[in-house]
Amino acid sequence: MPELPEVETVRRGLEPVMSGVRVARVEQRRPDLRFPFPDGFAARIEGRRIERLGRRAKYLVADVEGGEALIMHLGMSGRFTIEAASGAIAGTPARPGEFAHDTGGLPQHDHVVFHLESGARVTYNDPRRFGFMDLVAGTGLETCRHFARMGIEPLSNALHEDYLAARANARSTDLKAFLLDQRHIAGLGNIYVCEALYRARLSPQRLAGCLADGRGRPTQRAVRLVPAIRAVLTDAIAAGGSTLRDYRSADGALGYFQHAFQVYGREGEPCLTPGCRGMVRRITQAGRSTFYCSHCQR
DNA sequence: CCGACTACCTGCCCGC
DNA sequence: TGCGGGCAGGTAGTCG
């Protein structure tokens with residue numbers, strides 16, 4: 001699930017528990033996730049304070065006392081669960097009822113547990129193990145392997161029609177692939193690309209080059225796309241944030257609120273644009289599902 | 001460099 | 001009820 005809004009929601013949920021808190025012990029239960037953990041992973045965190053919990057695109061970045069940054073990516077199925085110091089569950093379990101039904105063995109796919117000095121525990125669960133964790137020098141964050149070629153933050157001022165036009169100018173890929181490419185804009189995924197293109201009334205099959213006029217200047221399509229991307233992410237973060245107010249009422253783990261999507265997952269259903277008589281279609285692009293209304297998205 | 005494709009891994013849902 | 005196939009929110013590596 002985790003695209004930028006979900007990762008931001010997770011960050012906001014973890015921040016009050018982890019930020020400024022010392023890590024007493026790190027329980028690393030397997031040698032790798034998608035990639036091997038770095039050498040001495042647990043030891044490089046244990047006994048140190050988490051100074052700040054930030055985010056870059058879909059990555060969580062925890063500044064660890066001493067100068068290293070703990071980088072965490074949730075892949076497709078990564079989740080965090082918080083157990084508060086009192087023992088009460090402050091974040092919902094990865095699977096509802098998991099602890100109640102636990103017969104004594106370790107819950108499956110709980111790969112890393114951060115035991116905090118406050119007594120709270122933060123558990124990383126990831127069935128598919130497409131997520132990963134790494135430790136990098138905090139001073140070289142932007143030049144590290146993960147971030148060096150990464151594009152702009154879509155919620156920053158860097159997202160501008162001039163930027164889109166310059167990047168998309170003369171590209172032969174379609175808009176869907178262009179927006180999914182983290183080297184241009186970092187943080188959009190399959191769902192929010194579909195949703196942003198719907199809001200901008202642009203066909204996902206149109207070439208990315210349509211955002212520029214041939215000389216790298218923005219077209220009206222680029223002008224429409226910028227606020228559509230911003231709004232879809234902002235709305236999703238707001239919706240995710242609302243689930244954080246009462247952890248126990250949500251039936252998903254931290255940040256896994258099922259947003260009310262307007263096209264994603266709505267194949268065969270009527271287009272929600274007022275006055276549009278179209279129907280949402282599903283096509284495959286770059287091996288992944290795209291949902292859109294061919295009637296109002298041009 | 002670009003663009004297209006594949007691999008990685010488990011779980012779930014559907015049809016037979 | 002079991003089994004095979006397809007699908008799932010991501011990225012990195014390879015190949016032409």
Item to check | Whole angstrom value for the distance that separates P of C:dG10 from NE2 of A:H73 | outcome: 8 Å

Checklist entry - Could you give all pairs that pass the ring pair (Phe, Tyr, Trp, His ring centres under 6.0 Å) test and reach residues 19-53 of chain A, with sequence neighbours left out? => result A:F35-A:F132, A:F37-A:F41

Item to check | A:I71 and its side chain to side chain contact (heavy atoms under 4.5 Å, CB included) partner, picked from A:L135, A:L60, A:L141 | outcome: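 Option passing the side chain to side chain contact (heavy atoms under 4.5 Å, CB included) with A:I71: A:L141.
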
Checklist entry - Base, sugar-phosphate, or nothing: which does A:Y59 touch, judged by heavy atoms less than 4.0 Å apart? => result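 A:Y59: backbone/sugar contact only, no base atoms under 4.0 Å.
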
Item to check | Residue A:H109, side-chain heavy atoms: nucleotide from B:dC2, C:dG10, B:dG11 that is nearest | outcome: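 From the listed options, B:dG11 comes nearest.
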
Checklist entry - Given B:dC2, B:dT10, C:dA8, which nucleotide is nearest the side-chain atoms of A:P127? => result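 Among the listed nucleotides, the one closest to the side chain of A:P127 is B:dT10.
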
Next on the checklist: Between B:dC9 and C:dT14, how many Å separate the two P atoms, rounded to a whole number?
Outcome noted: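 After rounding to an integer number of Å, I get 16 Å for this pair.
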
Item to check | Pairing pattern in dot-bracket form [Watson-Crick, G-U; both distances under 3.5 Å; | = partner strand] for DNA chain C | outcome: .|||||||.|||||||

Item to check | salt bridge (charged side-chain N to carboxylate O under 4.0 Å, His left out) contacts in which one or both residues fall within residues 160-182 of chain A, not counting sequence neighbours | outcome: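 Residue pairs passing salt bridge (charged side-chain N to carboxylate O under 4.0 Å, His left out), neighbours aside: A:D181-A:R183.
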
Within the structure, does a side-chain N or O atom of [X] lie under 4.0 Å from either OP1 or OP2 of [N]?
X	N	answer
A:S172	B:dG3	yes
A:T173	B:dA4	no
A:R128	C:dG10	no

Next on the checklist: Do A:D213 and A:T219 pair up side chain to side chain, a donor and an acceptor below 3.5 Å, judged on atom types alone?
Outcome noted: no

Checklist entry - Got a donor-acceptor pair under 3.5 Å from the side chain of A:R288 to the base of C:dA8? => result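 Donor-acceptor pair under 3.5 Å: no.
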
Next on the checklist: Once you measure the plane-to-plane angle for A:Y124 and A:F80, does it fall in the parallel (<30°), tilted (30-60°) or perpendicular (>60°) bin?
Outcome noted: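 The arrangement is tilted - the two ring planes meet at 30° to 60°.
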
